[in-house]
Number of protein chains: 2
Amino acid sequence: MRGTYLGELEELVLLSVAALVDSAYAVAVRAEIEGRANRKVNISAIHASLYRLEDKGFLDSHMGEATNKRGGKSKRIFTVTTYGYKTLKEAQTVRQSFWGSIPQLSAQK
Amino acid sequence: MRGTYLGELEELVLLSVAALVDSAYAVAVRAEIEGRANRKVNISAIHASLYRLEDKGFLDSHMGEATNKRGGKSKRIFTVTTYGYKTLKEAQTVRQSFWGSIPQLSAQK
DNA sequence: GATTTTATTTACAAAAGTGTTGATAAAAAC
DNA sequence: GTTTTTATCAACACTTTTGTAAATAAAATC
């Protein structure tokens, strides 16, 4: 029941972290989502989502190193756990099972 | 923003209605979900979800005919609207875009 | 060292989704 | 006509997700 499901934003955040591999931090995740899904997201909403996903065991995190760019303070880097990856994949597999039995041609009326 | 997103259950309900074509009513939808996603759902939760999806414009409904089976009172039949189908498809397209850039082999550690 | 920029963190508020209960209804069976 | 079965509907409560605001911190630039 409650706790293992992903919210819509949470799933996008998790997918972004997976796609960004070892350079996933809040700002990059936000850019990733705004680029792929056509949607504005508040940076604090991203942070809140990242922390929640970590609490749930879908993500791990560690502090990265500071860069020599102005304002380049160190970032918190997130990575997808095995459990997170499994959850993501299962959600997608279930949906694909449904799509497999939807008569798409007649549906696109 | 708020209003156009699908909850996790809502998406499964919408996909079920699509897959069931012209025989989608609450009980059948529930069976469909319990069969494909490995998950128990309260029948009233299905009803609530169906009504909400209709309010949002993702579903249409009409009363079907009674059958000559014991307890076979007429069912409310739901169908996916063009808008609902479009929403469903877009959500899936966005996710597939992410999956396309996830290095899956190294991720399945 | 004051300012600007990038970034995190915490706490709270608001919105949305999900679940539960109880009432009602209509059909066939007895 | 009472019972059993299948089904809808409505109201409410609960939980979770999402968004916002304010505080803090660390880097480079000036």
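Letters A, B, ... mirror the listed sequences (proteins, then strands); counts begin at 1. From a predicted model like this one, the values you see are computed outputs, not experimental measurements.
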Got a sec, which residues hit side-chain contact (heavy atoms from CB on, under 4.5 Å) with B:Ala91, two or more places apart in sequence or on another chain? B:Glu11, B:Arg95

Rounded to the nearest 0.5 Å, what's the gap from OG1 on A:Thr79 to CG on A:Asp60? Could you check? 5.0 Å

For A:Glu90, which residues count as a side-chain contact (heavy atoms from CB on, under 4.5 Å) partner, sequence neighbours excluded? A:Lys86

Under 4.0 angstrom between A:Arg76 side-chain N/O and C:dA7 OP1 or OP2: no

For residues 61-71 of chain B, run the donor-acceptor check on the side chains, cut-off 3.5 Å, and write out each pair with its distance to 0.1 Å, sequence neighbours left out.
residue	atom	partner	partner atom	Å
B:Ser61	OG	B:Glu54	OE1	3.4
B:Ser61	OG	B:Glu54	OE2	2.9
B:Ser61	OG	B:Arg76	NH1	2.9

Rounded to whole angstroms, how far apart are CD on B:Glu54 and C1' on D:dC9? 12 Å

Using whole Å, what does the distance between atom P of nucleotide C:dG17 and atom CD of A:Glu10 come to? 14 Å

What's the CZ-C1' distance between A:Arg52 and C:dA11, to the nearest Å? 14 Å

Below 4.5 Å, heavy atoms only, C-beta onward: do B:Leu12 and A:Val94 meet side chain to side chain? yes

Along nucleotides 25-30 of chain D, 5' to 3', which nucleotides get a B, which get an S, and which get a -, given that the test is a protein heavy-atom distance under 4.0 Å? B-BSS-

Tell me which pairs pass salt bridge (charged side-chain N to carboxylate O under 4.0 Å, His left out) where either residue lies in residues 22-35 of chain B, with sequence neighbours left out. B:Arg30-B:Glu34, B:Glu32-B:Arg36, B:Glu34-B:Lys40

Round to the nearest Å and state the distance from B:Glu65 atom CD to C:dA27 atom P. 11 Å

Expected output is a numbered-order residue list: members of residues 42-49 of chain A with a heavy atom under 4.0 Å from any atom of DNA chain C. What is it? A:Ser44, A:His47

Sequence neighbours excluded, the answer for salt bridge (Lys or Arg N to Asp or Glu O under 4.0 Å) partners of B:Arg39 is B:Glu8

What is the separation between atom CD on A:Glu8 and atom C1' on D:dT18, rounded to the nearest whole Å? 11 Å

Exceeds 12 heavy-atom contacts within 6.0 angstrom, atom CG of A:Asn38: no

Can you list everything that forms a side chain to side chain donor-acceptor pair (under 3.5 Å) with B:Glu10? Sequence neighbours excluded, please. B:Arg52, B:Lys56

Name all pairs fulfilling the ring-ring contact (aromatic ring centres under 6.0 Å, His included) condition that reach into residues 35-57 of chain B, sequence neighbours left out, sorted by first residue then second. B:His47-B:Tyr51

Atom pair CG (A:Asp55) and CG (A:Leu50), whose distance is rounded to the nearest 0.5 Å: 11.0 Å

Heavy atom of residues 22-31 of chain B under 4.0 Å from DNA chain D: which residues? B:Tyr25, B:Ala26, B:Val27

Atom-to-atom span, OH of B:Tyr51 to C1' of C:dG19 - whole angstrom: 15 Å

Please report, rounded to the nearest Å, how far the P atom of D:dT15 is from the CG atom of B:Leu9. 17 Å

Could you give the CG-to-C1' distance, from A:Leu53 to D:dT16, as a whole number of Å? 13 Å

